[in-house]
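Here is the structure we will look at, set down as structure tokens.
All heavy atoms count here, side chains included; hydrogens, waters and symmetry mates do not. Keep in mind that what you see is a predicted model, and the values were worked out from it rather than measured.
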Amino acid sequence: MSATDDNTTMSPAVNGRATIACPFCALACDDLSRPVHNTPLSTEQIPCRRAVTGFNTALSNGQAHPQIKGRDCTLDEAVEHARQLLQNARLPVIHGLVGDLQDCRAALHLAACFGGVVDHRSGDTIAEQLSVLQDSGWQITSLGEVRNRADLIVIVANRLDETHPRLQEKLFSANGRLHAEQPAEVVTLADKRVSILGEVRALFHQRPLPDASEDARRLHRKMADARYPVILIGAVDNESTELVLRAASGLVRDLSHERRAALLLLGGDIGSVSAQMVAAWHNGFGIRTAFNRGYPQQDLQRNAAARLLADGEADLMVWVGSLSEQRPPAVEQPTIVIGHPAMAFADQPPEVFLPVSVPGVQRAGFIHRADGLRMVPLTSIVDSGLPGSLDLCRQIAANHFANGVADAD
Amino acid sequence: MLTRLTGGRVFDPANNVNGEVTDIWFRDGLICEPPQDPREADATIDLRGKIVMAGAIDIHSHIAGGNVNTARALLPEQHLAERARYARLPFAGAKWSTFDTGYRYAEMGFTFVVEPAVLPINAAQAHAELADIPIIDKAGLAIVGNDDFLLRLLRDRADPQQVTDYIGWVIHATQCLGVKVINAGGATAFKFNQRHMSLDEEVPMYGVSSRTILNAVQRAVVQLGIAHPVHVHCNNLGVAGNVQTALNTIDAADGLPMHLAHVQFYGYGDEGDRGFSSGASALADKFNAHANITMDVGQVLFGQTVTISGDVLRQFEARGIANPNKWVIWESEDGGGGIVPFKYRQRNFVNALQWAIGLELFLLADDPWRLFFTTDHPNGAPFTAYPELFRLLMDRDYRNRWLSDINAEAADICLLRHLDREYDLNDIAIMTRAAPARLLGLADRGHLAPGAVADIAVYEEQDDKAAMFARAHLLFKDGQKVVEHGRVTRNCFGKTHAVAPEFSTDIERSIGNYFDRYHLVDMEAFKLSGDQMQETLGSELVVH
Ligand code: SF4
């Protein structure tokens, strides 16, 4: 098959942008058909339940009012109140980051301006990955590479259908692959994954291992035969992400002396890849970096948002979550929510609620694909009239750096 | 607002001004003719005892994109902040952040920097990072040459017009200023377990050599009328004896324009007891004889740094010498790369010779209009080490003091001890201002004639050239004063520059089919628009 072959199926894209992207999981599929204004979507239209829910929730909640302590107020009042809280805070924690590029930029600016710390809702998983990266590095590959060339995929993940609903379709059922006739063989490791990976590694080193499990022996044989084995790591239940990653990473390193091998890190929660990536280029390190001394300091344990809040080190929580209507965790500290307009707080309203537009539905944006290689553009489908998080946070921090411009000394 | 800079010695080689004391006038963001009556000036700045040049331009510095960002996360220990800086600027003290990058370049009088390795699939992130670099203007070069689509066209002996249209499309889709080829075909060969790629070796399954790929891209760039010649990272980077590769690549250019990046890393002979020697004179001779070739040096300076590159073959081979011992190797659609920390030590024979070879190339190359000043940041050294390099080039005694401090064997065999040339301020102005603007096709900068953008750097004249160039006395960006006494005093955001060569969009039919078949990306979503650049990535786009 050649790129220049005359093919009967013409790309629909040739006549202009026909599809939109979905921000509701880390796959960031960009092949969805554009929903018609305000009519509910169905899974026939969009082949993913999670996407349908995400789009419908955002499409039907285009409006929400800023609130102070549960009472509607003007945007100016809410912004002013948020500014007061941030100015008076000793150590604000900017948490959640369930959002896209703009949300991350917004959160990071607040942290830099007001001397705070940023963390993602699933910061524990990101931190475990980072600690492996910072100790030893790794050898990784991308979604497209695995789709096109891997011949063995070892899955180390739970709930993949839930966390990345269309992974099967995207990665394993591809018909056109590069230089490969067969689809990749897929092996799922269900449990005892750290020890199995360790045993396989020992078998490759030809260490005597009389009591290696049958699972390990089978996997060893398969990996020994594979041209391009890839270990896919997603959310792991019942085992430590860090240990799984260390074991898998060591195995890949050993294999790569002789053949091609790699890890595919799938990211986790919505926005987690963007949170780490965007934070890294803003503050040099990434999440869990504190700005309260005027310069950035990363500490993956100490600066965990949940810990800072539970121990009372932080005295204010700002929750940024434009892509999920899930409420922030209940904490003792006063809370500012910069969030999805469909958020409901039952009888525990935050100190300030600032509803913002949902990226990919109510405003344009960009979000990282799971492998971090690509930022996928998000389209605005309807206009909600709600502010975007970045503009809003700039307004809150206006006296500090007006529009990103510092007042000269 | 009409501003007059008066009394400074001006170095503006594009306009044949060589140290004369003359006034520079600018109105708002542009340099202008002096008015009939000098009293019309709204502001007059007395620059007696100062040196005035256009803002400096760096054509090759890795300041954004996936590789750079991963390096940040991999090496937190390398950029710990020692002290708070710039309390009133965003992200004060965040060393090696995008913000710090902009502040530091500005402090040294730079106003334009090119990120030379934008992997097309990663272009949105690269541009988002560039957008978050304050003060300076920036641009990217799009990586081609390991892209399966291009390799297929070449394998199938497609009409060269298709290659041209495809390259035009890539530039358009990635909003870049030109194209870069990194070890042509090497990242693809790596996918077939090949761990070596030479100029005439063939990429498995495609049956095309690096030479074929280079020639095809080179022709396409010429045909598209892009000012910046194809920006080439050759095969065999860092390998003893590789000067031959560089010489062969110059021959392969066949008289057409070609830019060779970080040539210090290809200046290696394999003579002597250790099988490692300087190839600088052979390379410089060849360069001097080939007016179609431009090069930047990629100078090594001693100390801790990190090597980051899209040359996955090279980085994979180098992983064993990582210091500290950790590294990242990655592969992806149409490319790959690696991040390997490294410490250049002056007492180490090879490192000392690398240092000398870079300087030899600077001093042996005749034409400063074709030779560019880089450290291949951060590969040879961080860009913050530039002032040290200026001093090495401008001060022979200082160089010689260093020679007695480096590995003695390297000092003995290198040519450097015999080279007396010293760069003067005019040479520096050519190499860092006039020539890069010309090479990149930026007619409105790199010089100080009316009509040029008012990007102006002012330095305090000093004997210690490192001190002089470390801190600009003043820097004007688009006519706004942004640095005073070596400190950033005002934050602003520069623009992103790109070219938009014409090509036939018929090629999109094949590209679209290809994407549908093999990519996880929709072709239309792959293309970055000017609106996206402005509204969602956050950078004003200037199309040349
Ligand atoms: S798999 Fe994820 S990104 Fe793709 S459509 Fe479903 S929720 Fe959206």
Side-chain angles (χ1 to χ4, degrees), chain A residues 2-4 7 9-11 13-14 17 19 21 30-31 101 109 112 130 133-145 147-149 170 176 178-179 259-260 262 277 280-286 293-296 298 364-366 372-377 401 404-409, chain B residues 66 69 72-74 76 79 81 84 87-98 121-122 124-125 128-129 132 148-149 152-153 156 158 162 191 193 205 326-333 489-493 508-510 512-514 516-525 532 535-536:
Chain A
S2 134
T4 50
N7 199 303
T9 54
M10 220 180 81
S11 164
V14 172
R17 189 70 209 278
T19 60
D30 64 4
D31 58 353
L101 169 71
H109 268 274
L130 271 182
L133 176 69
Q134 293 177 350
D135 274 4
S136 56
W138 52 42
Q139 185 154 348
I140 54 169
T141 190
S142 72
L143 283 161
E145 228 12 57
R147 179 211 176 278
N148 277 322
R149 299 187 203 249
K170 294 269 162 191
L178 296 173
H179 313 293
R259 86 200 64 199
R260 206 176 170 213
M277 292 277 194
W281 83 64
H282 276 66
N283 63 32
F285 301 98
R293 296 194 178 167
Y295 54 87
Q298 186 179 51
F366 273 94
L373 179 67
R374 177 172 153 70
M375 278 202 331
V376 179
F401 324 129
V405 176
D407 42 351
D409 278 329
Chain B
N69 210 36
R72 291 185 177 110
L74 176 72
H79 49 99
R88 311 193 72 158
L89 299 179
F91 301 94
K95 210 171 149 188
W96 210 23
S97 63
T98 49
I121 196 170
N122 189 240
Q125 181 181 321
E129 287 187 46
D132 282 330
D148 182 63
F149 188 86
R152 277 161 189 262
L153 288 177
D156 298 344
Q162 279 195 302
K191 293 178 179 178
N193 272 340
M205 306 296 289
K326 52 178 171 178
W327 43 266
V328 169
I329 294 293
W330 59 273
E331 291 184 88
S332 73
E333 290 91 317
T489 50
R490 184 187 180 91
N491 201 35
C492 61
F493 282 85
E508 288 204 329
R509 177 193 289 250
S510 311
N513 280 336
Y514 176 81
D516 289 348
R517 185 169 283 262
Y518 296 112
H519 257 295
L520 291 164
V521 183
D522 178 271
M523 182 188 72
E524 290 296 320
Q532 284 172 329
E535 282 156 31
T536 28

Given the options A:Leu101, A:Val376, A:Ile140, which has more heavy-atom pairs under 4.5 Å with chain B than any of the others?
A:Ile140
In terms of heavy-atom proximity below 4.5 Å to chain A, should B:Asn122 be classed as side chain, backbone, both, or neither?
both
With sequence neighbours excluded, tell me which residues meet salt bridge (Lys or Arg N to Asp or Glu O under 4.0 Å) with A:Arg260.
A:Glu145, B:Glu331
Would you mind checking which part of [X] comes under 4.5 Å of any heavy atom in chain B, side chain (CB onward), backbone (N, CA, C, O), both or neither?
X        : result
A:Phe285 : both
A:Leu178 : both
A:Asp31  : neither
A:Leu143 : both
A:Ala262 : neither

For B:Asp132, enumerate each residue passing the side-chain contact (heavy atoms from CB on, under 4.5 Å) test, keeping only those at least two apart in sequence or located in another chain.
A:Arg105, A:Trp281, A:His282, B:Thr98, B:Phe99
Spell out, as yes or no, whether a donor-acceptor pair under 3.5 Å connects the side chain of B:Lys326 to the backbone of A:Leu133.
no
Side chain A:His179, main chain B:Met205, donor-acceptor under 3.5 Å:
no
Are A:Arg147 and A:Lys170 side-chain neighbours, meaning at least one heavy-atom pair lies under 4.5 Å?
no
Any salt bridge between A:Asp30 and A:Arg374, counting N to O under 4.0 Å?
yes
